[in-house]
Every structure is written in C-alpha cells, then in structure tokens.
Amino acid sequence: MTDLPLCLGTEVARARGRGAPIVALESTIITHGMPWPQNLETARQVEDEIRAAGAVPATVAVMGGRLNVGLEAAALESLARATDVMKLSRADLAACLVSGRTGATTVAATMIAAHLAGIAVFATGGIGGVHRGAEQSFDISADLGELARTPVTVVAAGAKAILDLPKTLEVLETLGVPVIAVGQDEFPAFWSRRSGLRAPLRMDSAAQIAAAHLMRARLGLGGGQLVANPVPAEAEIPPERIQPLVGQALREAADQGIAAKAVTPFLLARLHALTGGETLAANIALVRNNARLAAAIAREIRRQG
Ligand code: PSU
Ligand code: MN
C-alpha cells in the first residue's frame with residue numbers, strides 16, 4: 001500500500017483482489033466494550049457470521065505502527081487479552097500510529113480505516129452520540145461528525161441507550177446523516193427494540209439500503225448512513241427494565257468524576273454488572289445480528305454497483 005501505513009489481512013487482501021464483499025469491524029468493542037473472554041468469543045463469532053453470510057470480515061486495529069484492516073487469529077487474540085490499549089477516534093489515530101502503541105478503533109476511526117481500504121460497509125453494536133447532560137459537559141461522540149464526512153454505511157442497533165437519544169437524532173439530522181430504521185418505524189435503542197422515537201427513515205431490505213448508499217455516492221454527497229437494526233426480540237431488554245439501571249450507572253459515573261473517553265466504557269461495564277450479564281448477552285446478540293445484515297448490504301452493493 002504505497003506510503004499508507006495500511007496493512008490488509010490475508011483474507012481481506014484476497015477478497016479485495018477478486019472484488020468480493022467485505023465488512024469492516026471495530027475493535028473498541030473488544031478492548032473497552034466487553035470483558036475477557038466474551039470479547040474474543042464474540043469477535044470470532046461476529047467474523048464467522050460475516051463469512052457465513054457470504055462476505056469477508058475486516059477487524060480494524062492499530063498494532064506495531066500499522067493500521068491493520070483484517071486481523072490474523074493470533075493478533076485478534078492478543079488484542080482481546082491486552083490491557084493497555086488506546087481508544088482511538090479521528091483525533092488519536094495518527095498519534096497512535098507514530099507512537100507504536102496498540103490502539104482499538106471506535107466507530108469513527110474504523111470508518112476512516114474502512115474508507116482508506118475501499119470498504120463500504122461496517123458493522124458494530126451501537127454508535128456513540130450525544131451524552132445526557134451534554135448541555136453541561138459538551139460530551140458529543142466524534143462518531144457523529146465522522147458519519148457526516150466519511151462515506152461508509154454503518155450498521156448498528158441504534159445509539160446506546162446510555163445516551164440522550166432525542167438529542168443524538170437532532171445532531172444527526174443537523175449533520176445530514178441519513179438514519180434508517182430497519183423493518184420498523186421506531187428508532188431502536190441498542191438493548192431495546194423501542195425508544196419511543198420515530199426514525200427519520202425506514203427501509204425493509206438490504207437491497208434498498210445498498211441502493212441508497214450507491215445513490216449518495218452518485219450524488220457526491222459524502223458522509224455515511226446510519227442503519228439502525230433492532231436487537232433480535234429474544235435477546236432484548238425492555239426499556240422499563242434497563243432505564244432505572246442506566247440512571248444508577250450515570251449517577252455513579254458522576255460521583256466518581258468519570259469523564260471524556262472513559263464514560264462509555266464505564267457505563268457499559270457497570271450495566272453488565274448491574275444486570276448480571278443480561279446487557280452483555282443482548283450486546284453479543286445484536287452485534288451478531290448487525291454483522292449478518294452488514295454482509296447482506298455489502299453483497300448488494302457489489303451486485304448493484
Ligand atoms: N458499541 C458497543 N460497545 C462499545 C462501543 C460501541 O457495543 O464499546 C464503542 C464504539 O467504539 C463507539 C464508542 O464508537 O463506544 C463511542 O465512544 P464515545 O462515546 O467515547 O465516543
Ligand atoms: Mn465522549
């Protein structure tokens with residue numbers, strides 16, 4: 001890859017060579033979103049879902065001064081076991097690469113890597129967004145700005161329910177990011193299928209989502225699409241049950257002075273503990289479900305493009 005510090009995994013390089021559909025995957029969910037060993041098990045299962053659905057997975061992480069797109073099995077395991085890993089967004093990607101440290105990519109940084117590698121579709125759990133109390137803290141995830149500028153279709157189960165969802169939707173609208181609920185009118189809320197908020201757009205097939213992705217490129221619009229795919233019904237946690245616990249986790253975060261990048265990992269870990277692992281199980285189910293849909297979209301982009 002000329003002078004880019006980009007390193008494609010073997011499977012990804014081969015897929016690129018034959019024009020096969022590829023789905024990018026983030027790694028912050030592995031290092032900061034889930035505990036060991038479920039993080040590694042899930043990362044492997046998500047990759048296998050993508051293969052079973054006829055596409056090639058490309059997990060993204062910074063290791064050894066390279067932006068890796070597609071990790072070999074040993075690299076995936078060492079990342080999942082690692083403890084001193086940077087959480088990378090647009091702001092820290094270059095600094096991590098030149099420092100030689102290991103870094104896990106958030107939604108924002110994974111979109112950048114995917115686009116550099118010519119990958120159109122990316123699957124994750126939930127995007128970052130506007131945090132509750134953002135009118136005081138100004139805590140708004142860089143994921144939103146990235147969706148506005150980098151042309152990658154991101155499949156998520158909505159925005160994490162620890163966030164202020166109405167404000168997150170408002171900012172996405174301001175930034176011109178299409179927010180597409182899949183198979184329902186309501187915007188899903190990560191662990192729950194319902195949020196009480198209507199999604200701006202609805203689509204019912206991978207083919208339609210792929211067509212919209214290609215149309216945006218033809219129009220030269222730039223920026224990505226947020227595909228909000230509800231958690232499977234059998235794995236969902238109803239909002240009535242999760243919301244009081246979110247409130248408790250938020251109070252604990254405030255009491256302990258948790259700020260900036262530490263907020264999201266803290267809240268996810270606390271909710272995993274407060275629900276006795278129920279949010280972790282839902283998180284695993286939804287990310288696997290998103291991987292399957294992302295693979296179908298990637299195949300449709302290839303077929304229609
Ligand atoms: N989805 C998950 N677990 C996670 C994340 C998403 O199921 O840990 C990560 C993503 O990498 C996302 C990041 O980009 O949380 C958002 O962090 P922040 O709110 O600090 O921008
Ligand atoms: Mn933040």
Side-chain angles (χ1 to χ4, degrees), residues 1-18 20 22-37 39-44 46-47 50-51 55-125 127-128 141-143 145-147 149-152 154 224 260-265 287 291 294 298:
M1 278 273 107
T2 61
D3 54 352
L4 274 177
L6 199 62
C7 181
L8 301 184
T10 325
E11 197 185 357
V12 174
R14 253 191 253 128
R16 269 225 332 195
R18 63 176 199 275
I22 305 174
V23 173
L25 296 164
E26 64 152 304
S27 46
T28 296
I29 190 169
I30 301 172
T31 55
H32 295 71
M34 289 186 189
W36 170 268
N39 62 347
L40 178 60
E41 278 163 31
T42 306
R44 287 178 175 156
V46 168
E47 290 200 346
I50 290 169
R51 292 187 189 102
V56 168
T59 301
V60 175
V62 173
M63 297 171 103
R66 288 180 178 280
L67 180 52
N68 293 282
V69 177
L71 298 181
E72 312 302 331
L76 190 66
E77 176 162 351
S78 92
L79 186 71
R81 285 179 182 277
T83 47
D84 185 28
V85 180
M86 288 176 76
K87 175 179 164 186
L88 305 179
S89 193
R90 168 174 282 265
D92 344 78
L93 192 54
C96 182
L97 280 163
V98 298
S99 75
R101 285 186 61 188
T102 297
T105 52
T106 60
V107 168
T110 307
M111 289 179 77
I112 294 169
H115 184 51
L116 285 171
I119 301 171
V121 184
F122 157 31
T124 182
I127 62 156
S141 177
D143 291 353
E146 204 59 49
L147 279 161
R149 66 197 291 181
T150 301
V152 172
V154 178
K261 280 170 177 289
V263 173
T264 297
V287 67

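Bear in mind that the values here come from a model prediction, so they are computed numbers and not experimental data.
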Any donor-acceptor pair under 3.5 Å linking the side chain of Thr28 with the backbone of Thr105? yes
SB check Arg101 Asp92 (cutoff 4.0 Å):
no
Taking every heavy atom of Val60 against every heavy atom of Ser27, the minimum-distance pair comes out as O-OG, 2.5 Å
Tightest non-hydrogen contact, residues Ala114 and Val152, listed as CB-CG2, 4.3 Å
d(Ile112 CD1, Thr106 OG1) to nearest 0.5 Å is 8.0 Å
Rounding to 0.5 Å, atoms OG1 (Thr59) and CZ (Arg44) come to a distance of 11.5 Å
Distance col, row Trp36:CH2 vs Thr83:OG1, nearest 0.5 angstrom, shows 12.0 Å
Tightest non-hydrogen contact, residues Ala61 and Leu79, listed as CB-CD2, 3.8 Å
Taking every heavy atom of Ser78 against every heavy atom of Met63, the minimum-distance pair comes out as OG-CE, 3.5 Å
- prompt: Would you say Thr110 and Thr124 make side-chain contact, with heavy atoms under 4.5 Å?
  reply: no
To the nearest 0.5 Å, atom CE of Met86 lies from atom NE2 of His32 at 9.5 Å
*Is it true that a side-chain atom of Glu72 and a backbone atom of Thr10 form a donor plus acceptor pair closer than 3.5 Å?*
yes
OG1 of Thr42 to CG of Leu25, rounded to nearest 0.5 Å, is 12.0 Å
List the steps, then state whether side chain to side chain contact (heavy atoms under 4.5 Å, CB included) holds for Val56 with Arg14. CA-CA 10 Å; Val56 168; Arg14 253 191 253 128; over 6 Å; no
Here the pair of heavy atoms bringing Glu11 nearest to Arg51 is OE2-NE, 2.7 Å
Note: Glu146 and Ala108 closest approach over all heavy atoms is CG-O, 3.4 Å
When rounded to the nearest 0.5 Å, the distance separating OG1 of Thr31 from CZ of Arg81 is 15.0 Å
CA sep, side-chain torsions, deciding dist, call: Leu76, Glu47, side chain to side chain contact (heavy atoms under 4.5 Å, CB included) = CA-CA 11 Å; Leu76 190 66; Glu47 290 200 346; 4.3 Å; yes
